[in-house]
Chemist: 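Here it is, the structure in full.
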Amino acid sequence: MAVRDDSSVELIGVTKSYGGTIAVDRIDLKIPPGTYCCLLGPSGCGKTSTLRMIAGHEEISDGYLRIGDRQVEDEPPVKRGTALMFQSYALFPHLDCVDNVAFSLKMRGVAKEERRAKAREMLAVVHMDRYADRLPAQLSGGQQQRVALARALITRPSVLLLDEPLSALDPFLRDRMREELKRLQLELGITFIHVTHSQGEAMALADLVVIMKDGRIEQAAPPRAVFNAPATAFVAQFIGGHNVIKVEDGSQVAVRSDRISLIPAAEGMVVDGTCVSAIVRSMEYHGAAVHLRLDTALTDEFSVVVDEAAFFASPLEIGDRVTARWSADHAHPLTA
Amino acid sequence: MAVRDDSSVELIGVTKSYGGTIAVDRIDLKIPPGTYCCLLGPSGCGKTSTLRMIAGHEEISDGYLRIGDRQVEDEPPVKRGTALMFQSYALFPHLDCVDNVAFSLKMRGVAKEERRAKAREMLAVVHMDRYADRLPAQLSGGQQQRVALARALITRPSVLLLDEPLSALDPFLRDRMREELKRLQLELGITFIHVTHSQGEAMALADLVVIMKDGRIEQAAPPRAVFNAPATAFVAQFIGGHNVIKVEDGSQVAVRSDRISLIPAAEGMVVDGTCVSAIVRSMEYHGAAVHLRLDTALTDEFSVVVDEAAFFASPLEIGDRVTARWSADHAHPLTA
Amino acid sequence: MRETRRGLAFWALASFFGLFVLFLYGPTITIMILSFQGEDGGLTFPMNGFSLHWFGRLFQQQAVGDFGGSLSRSLLLGLIVTILTVTISLSAGLAFRRRFFGSTPLFYLAIASLIVPSILVSLGIGLMFNVLGIEPAWNTSALGAHLTWTLPFGLLIMFAVFNRFNKAFEEAARDQGASPWQTLRHVTVPILLPSLIGVGLFGFTLSYDEFARSLMTTGSYNTLPLEIYGMTTSVTTPVLYALGTVTTLLSIVVITAALYGVVYVQRRRAGKGSDAGRGV
Amino acid sequence: MSTAVIAVPKRRRFRLGAIAPYLQAMPLGLVLAVFLVIPILTIVIVSFWDYDSVQIYPDFLFTNYIDLLTSQVTWKTYLNTIKYAVLVWLFTLVIGFTVAYFVAFHVKSATAQMALFLICTIPFLTSNIIRMISWIPFLGRNGILNQALQGIGVTDQPLEFLLFSDFSVILTFVYLYAQFMVVPIFNSMMRIDRNLIEAARDGGASGFQTLVNVIIPLTKSGILIGTIFVVTLVMGDFITVRLMSGGQSASVGLMIANEISLLQYPAAAANAVVLLIIVLLMVAAMLRVVDIRKEL
Amino acid sequence: AQNIKDVTLRQFGTGVSNLNAIADKVKSDLGFTLAMTALDSDAITQRAVTQPKSFDIADIEYWICKKVFPTGGLQPMDVKKIKYFDKIVPIFVTGKLTPESVIAQGTAPHTVSFVESPEAKAFAKQPTQWMTLIPTIYNADTLGIRPDLVGRPISNWKDLLDPAFKGKASILNIPSIGIMDAAMVCESAGLWKYADKGNMSKEEIDKTMGVLTEAKKAGQFRAFWKSFDESVNLMASGEVIIQSMWSPAVAAVRSKGIPCVYQPLKEGYRAWGGGLGIAKHLSGLELDCAYEYINWYLSGWCGAYLNRQGYYSAVLDTAKEFMSPEEWAFWMEGKPAAADILSPEGKVMEKAGAVRDGGAFVERMGAVACWNSVMDEDRYMIKKWNEFIAA
Ligand SMILES: Nc1ncnc2c1ncn2[C@@H]1O[C@H](COP(=O)(O)OP(=O)(O)OP(=O)(O)O)[C@@H](O)[C@H]1O
Ligand SMILES: Nc1ncnc2c1ncn2[C@@H]1O[C@H](COP(=O)(O)OP(=O)(O)OP(=O)(O)O)[C@@H](O)[C@H]1O
Ligand SMILES: [Mg+2]
Ligand SMILES: [Mg+2]
């Protein structure tokens with residue numbers, strides 16, 4: 001399906017303050033139509049507040065919000081063309097799946113038969129037509145999520161907002177639902193704004209990753225750009241898989257953990273532009289790779305990812321001395 | 001610290017039935033002293049039931065349980081030398097951290113000053129001495145977890161039981177706590193039995209991974225053995241990173257996703273011993289690697305993991321035709 | 001297989017509970033036995049024969065007083081109190097979810113309403129109506145007096161209920177285009193229905209039984225408790241007990257039916273199967 | 001992007017949401033104002049009035065209070081009432097706690113819990129007065145209990161203290177009000193995370209230690225709410241005390257009722273104001289311990 | 001115009017006289033509806049004072065009238081409209097049953113029966129045209145005893161405090177009435193003589209209550225009763241074997257087959273009387289109906305109905321016409337029953353040959369020592385009574 005033009009979202013100087021505390025601080029963000037956008041950041045950074053302001057469940061303290069070509073910050077939720085999927089799904093416990101999905105049609109006064117028929121169609125889209133007559137309490141987490149999705153989609157929103165939709169699922173299911181969300185978004189051609197605090201999830205899903213910290217945006221870019229060129233030390237650390245290293249001139253660089261190689265220890269704890277003496281602090285087996293944490297003079301945390309086969313060819317023990325080295329090409333300079 | 005000898009655990013034909021349903025079905029398991037053991041399996045497979053039987057909070061319906069050299073299935077929790085850390089931590093909300101940790105000493109009648117001093121020491125071990133006077137409600141999830149750990153450890157148990165200790169934490173904190181758990185286990189030299197349904201967690205932590213299904217043990221082995229030689233198709237699928245492929249003689253083999261290479265499509269959808277024609281169904285960016293899902297004639301799910309740099313050197317699009325191939329050395333035969 | 005045993009504590013507590021139930025039912029049972037008094041029997045033991053006489057008399061006119069009228073007044077009053085208690089407490093419960101100016105004094109006023117001794121409320125309302133020249137009646141002043149008793153309970157229950165109520169349901173409804181009124185009608189009320197029924201039942205029982213607050217507020221026509229008490233100023237007969245027996249049996253029937261209904265609905269719903277807790 | 005929008009001044013619309021709480025709280029406020037505040041004010045005002053045997057006269061006198069507070073009877077009666085309140089509180093607490101504990105922690109299925117609860121509720125649907133007076137034939141000199149006791153040979157004389165005594169008063173109070181203690185305690189107990197009990201056991205606590213160190217502290221709020229109910233109900237009662245003591249015991253409520261019966265409204269009002277203040281002080285002291293709004 | 005059938009008069013009073021049978025008869029004889037509400041005596045006082053509009057007809061006792069009438073809720077009745085006014089037993093008019101009788105102490109009905117004018121609130125010393133209450137029923141109370149359990153003849157009020165009956169005696173817990181019983185006991189025991197038992201001085205109140213308090217502390221009393229029913233149950237269940245009692249209550253005990261005697265005593269009776277008053281707000285057709293009702297009340301059927309229950313009615317002549325000669329002889333003349341005496345419901349109350357306790361009407365009402373009363377010192381009295389209960 002083609003991208004829907006009315007699904008662009010633009011935040012201009014949007015601010016949220018709760019009494020004295022400022023939860024979201026003058027953020028600007030432009031999301032092109034048909035984008036899968038992930039809001040990523042540590043707990044309390046303002047992700048949910050931002051999402052709820054877009055949804056219209058939280059008043060915007062200051063700033064403007066545009067969806068498509070309309071300015072909507074004073075509109076109620078229905079008039080914005082957004083739909084929100086709640087973290088706990090918030091399915092109405094007293095209604096069965098059909099009636100849950102048909103709820104918004106009922107509110108608009110659509111006749112019973114018609115709205116139930118439409119709801120069944122929508123349930124079919126999420127493969128839940130078999131469970132149409134069940135109550136939410138009789139559904140598993142994944143099934144509930146699909147119903148919640150159907151309920152959100154039946155209003156034909158141009159923007160779907162999701163607050164940590166996958167966090168309540170077990171890891172197995174999480175992967176499955178992740179794929180399905182992405183498929184749906186491509187199919188519908190609308191914008192998804194998805195809040196998460198898992199960098200893996202954001203990487204896997206997003207066209208646009210927005211990394212927030214303390215109510216401000218640190219970086220907003222496609223995932224590859226974020227991973228290969230983190231803008232700040234915070235971004236590099238938060239998305240993981242990077243070592244942030246201070247270089248001589250006082251500035252910092254980021255080096256991907258899988259771009260570092262370990263060689264037998266040179267004498268002493270040498271520090272130099274592209275290599276450092278280290279002691280193995282801990283090791284974790286991750287199937288295809290082994291993750292090591294090293295004690296170095298450079299940083300608190302120095303992590304290295306080594307291919308499993310290579311690692312076990314000449315295994316290391318905790319406490320072993322090694323030298324870690326990397327190529328200067330792989331050292332990406334950071335702004336702060 | 002040296003391994004404590006009395007920390008071995010042995011389950012012999014242990015069964016748990018709730019009324020009619022059998023939750024745990026005659027399992028045998030021998031855990032050597034000082035082992036970090038992870039119980040892994042899908043929801044409802046009986047992990048919690050097993051753990052709670054070891055803890056003594058659930059009666060063993062049938063079978064025997066040995067801890068150290070004592071047979072304990074009829075002993076109350078305190079006498080078993082086990083300590084349980086609850087998933088939700090179960091800190092006493094009316095007691096501050098010190099009193100939470102000192103609880104078991106109080107029960108044993110240790111004088112107030114003495115037990116509070118000891119509790120403070122234990123809080124120091126988990127770096128929580130600064131928060132000694134706070135109530136649980138005033139702590140973050142990670143802090144609560146440390147207090148719970150301190151409370152479990154103060155009884156000097158020979159076996160520490162943990163039911164999904166990390167699932168309530170955000171991913172950032174989860175990694176940190178994981179490292180800390182492992183460190184503690186090595187330091188104390190006691191056995192940890194840790195329930196999880198995250199394969200990554202089990203791999204990263206365990207000396208012994210026990211994979212359960214429907215109340216039975218599918219495989220119990222060190223993580224590398226599990227990853228490189230999954231015993232059954234279920235294990236291969238559950239731990240992930242594998243493709244289970246039917247071969248000519250009707251038996252199945254497992255091939256690691258990262259051991260598969262993609263080459264430009266040969267004609268038609270060819271199936272053969274070590275290669276298969278495929279169409280790219282979806283792609284997920286994972287930072288250092290890209291995960292692809294392919295449609296093939298072989299299995300429902302065919303996944304391939306490609307190094308990021310290699311992938312973007314000659315990127316693929318959804319819908320592209322490719323041929324996936326692997327070396328026969330990497331095809332590991334499965335028992336069922 | 002080992003048997004699951006119940007500990008000594010269980011049986012000790014179960015016996016205690018049994019004794020408590022016996023304690024609660026002792027008088028009820030006494031009433032039942034005595035309602036079968038012979039025709040010449042009185043309100044006390046010893047039994048003077050055995051008959052259904054008093055049940056028959058229950059449906060005839062009494063020498064003094066009027067069961068029919070006062071009972072129907074009490075039932076009607078109870079019903080009005082129930083409806084008002086439910087709506088007012090629900091409405092106030094909704095209000096109290098937000099801090100608003102005067103919320104704390106209002107809350108403490110409600111608590112005060114609970115602890116002001118009943119005769120004072122009764123006397124005060126009676127005097128007030130007198131001063132204002134309004135005629136007190138069971139459906140005005142007594143209604144108000146009863147509400148001062150049932151509303152605080154209703155409010156406390158609503159607090160408890162709303163503390164456990166997930167606001168996301170309402171936001172979801174708003175998101176789906178429901179107006180505030182539609183949200184209340186189609187989401188909040190249905191979800192809270194069991195609790196609201198609980199508040200209603202509670203309010204009804206409190207009102208149905210209220211004596212002291214009715215005493216000076218009922219006006220010309222008595223409610224049942226007053227009527228019963230008034231009847232004791234003359235010769236009373238085991239008809240009183242017959243009334244007690246009949247109302248008790250009636251409420252047992254109603255409650256059992258309600259319980260059975262709930263279980264029945266649960267069974268039927270469960271019949272559709274459940275994947276809850278399964279990772280599908 | 002159009003930057004023109006930035007020039008638009010921020011407007012804040014009037015929102016119904018802002019006054020909604022007031023509208024929603026209004027019915028409650030009105031009922032309480034009309035049927036509680038004004039009547040109580042009336043009583044307070046009248047308590048300063050003068051009266052003779054037939055009329056009351058607007059005035060501003062303290063004599064009603066002086067008479068009341070300087071009389072020994074007042075103190076005696078208040079003491080007696082408080083004695084009832086304390087004893088009834090004690091018994092209902094023990095009973096209420098034990099019953100709630102049994103249903104909350106020893107009955108596993110939710111359906112069974114509900115059924116047991118309903119069993120405890122059914123007697124309350126029979127009129128209070130009928131239930132109260134039916135204790136008389138049970139406890140009387142020739143009542144069921146005495147006959148049973150004599151029948152099984154526990155005593156050969158009927159036990160007189162069973163009826164028309166403090167014993168029967170307290171018994172009836174406990175009988176009438178135990179449920180007011182059971183319900184809030186049960187409610188608190190059901191909110192205790194079951195894992196806490198296991199955590200206590202895991203820490204080596206015996207059943208009794210768990211009770212003292214975990215369950216009781218966590219049930220405090222329920223106990224408190226139940227206490228408020230029971231204490232205020234007993235403090236204001238007049239009918240139970242009169243009927244069950246055979247009129248031989250005094251309570252504040254009874255004293256007020258006697259004054260009202262002879263139309264000595266100002267005296268009754270003064271007495272009522274004192275009672276109200278004492279009860280309010282007691283409750284205020286209890287509320288200091290627990291914020292019930294938070295604990296519900 | 002308003003139809004008399006649509007009129008409903010609301011009457012309240014104690015269960016003693018608020019009988020449904022009377023309402024039924026009113027409906028059939030007069031056509032309008034009489035709605036009866038039964039209350040206990042405290043509630044009656046409260047309602048009459050605080051809710052004067054909640055009733056049309058008040059059925060109250062004379063001592064209550066003393067408190068209620070001055071509050072203005074009732075309107076005096078014009079005796080010219082009362083057909084049988086001249087035939088009302090003189091106790092309620094002059095205070096003397098016979099011209100020679102001594103006026104009894106206490107709130108004797110005639111002292112509160114009249115006011116000077118329709119607006120007056122103060123009682124008149126002499127009969128006037130304006131009457132506050134029209135008497136309905138009255139009686140002379142004495143001690144009721146369980147002859148099977150007291151074990152000896154009872155002849156004086158002081159026997160109530162005989163230690164032999166420790167834990168088995170009772171008195172009324174209505175302060176205004178209870179203290180009168182106590183006064184009878186004190187006088188009977190020869191402790192002192194009251195100037196006017198119905199209007200004691202503080203000192204007399206102190207002394208009287210002192211005696212009661214002592215007895216209470218010594219465990220003399222089993223219980224105090226407040227309502228008719230309580231007194232019946234106390235006696236019937238054997239909790240109490242001697243107590244001050246109402247005549248119909250004795251009858252009620254006896255009707256259960258339990259022996260009970262309404263014991264005439266040397267010192268005489270403590271009497272009480274009730275009457276009907278008309279609410280202030282009544283006017284027009286309703287007021288006419290109220291007068292009609294009162295005239296009907298005195299016209300005999302009602303009197304007979306009440307007499308048959310052991311009370312006395314206000315106009316004896318009319319009642320006599322509605323009673324059989326045997327009944328009249330038994331109830332009013334103190335003669336042995338010539339035939340079985342039946343209750344209004346048709347139950348046998350007394351077997352043939354029985355004699356009414358206390359004898360004839362004149363013997364009983366002629367031996368009234370005092371009336372239930374409200375004293376000038378009632379404020380003090382209540383205080384002392386509360387003290388007594390708290391003791
Ligand atoms: N209703 C509120 N009142 C006051 N402060 C609030 C409110 N909601 C959020 N905050 C504060 O605003 C900040 C941002 O909260 P927000 O919920 O948006 O964070 P988040 O990024 O979604 O965090 P999380 O990952 O924990 O969900 C936090 O400091 C939070 O404490
Ligand atoms: N108290 C109980 N009564 C009846 N059945 C139970 C009870 N506890 C567990 N079960 C059942 O026993 C089986 C195993 O449950 P268990 O809690 O051990 O699974 P689990 O592996 O811990 O699952 P999860 O990952 O969801 O926690 C499940 O089918 C469950 O429904
Ligand atoms: Mg959030
Ligand atoms: Mg589990």
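What's counted below: heavy atoms across the whole structure, side chains too, no hydrogens, waters or symmetry copies. Quick note on labels: first sequence line is chain A, next is B, and so on, each numbered from 1.
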Chemist: What residue, out of A:Glu301, A:Arg224, A:Arg183, has the most heavy-atom pairs lying under 4.5 Å from chain B?
Modeler: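 Result: the option with the highest number of such pairs is A:Arg224.
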Chemist: What part of B:Gln237 gets within 4.5 angstrom of chain A, counting heavy atoms only: side chain, backbone, both, or neither?
Modeler: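 B:Gln237 touches chain A through backbone heavy atoms alone.
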Chemist: Among A:Phe238, A:Tyr285, A:Phe312, which residue forms the greatest number of heavy-atom pairs with chain B at distances under 4.5 Å?
Modeler: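 Most heavy-atom pairs under 4.5 Å with chain B: A:Tyr285.
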Chemist: Could you check whether A:Arg178 pairs with B:Glu284 (Lys NZ or Arg NE/NH1/NH2 to Asp/Glu carboxylate O, under 4.0 Å)?
Modeler: yes
Chemist: Against chain A, work out which of B:Met283, B:Arg281, B:Arg256, B:Arg259 has the most heavy-atom pairs shorter than 4.5 Å and name it.
Modeler: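 The candidate making the most pairs under 4.5 Å is B:Arg256.
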Chemist: Could you measure the distance from the CG atom of A:Asp175 to the CZ atom of B:Arg293? Nearest 0.5 Å is fine.
Modeler: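 If I round to the nearest 0.5 Å, the distance is 6.5 Å.
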Chemist: Rounded to the nearest 0.5 Å, how far does NE2 of A:His286 lie from CD of B:Gln199?
Modeler: 11.5 Å
Chemist: Are any non-hydrogen side-chain atoms of A:Asn228 and B:Glu308 less than 4.5 angstrom apart?
Modeler: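 Heavy-atom side-chain distance check passes, below 4.5 Å.
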Chemist: Between A:Ser282 and chain B, which part of the residue has a heavy atom less than 4.5 Å away: side chain, backbone, both or neither?
Modeler: side chain
Chemist: If you count every heavy atom of other residues, nucleotides or ligands that lies below 6.0 Å from B:Arg216 atom CZ, does the total exceed 12?
Modeler: yes
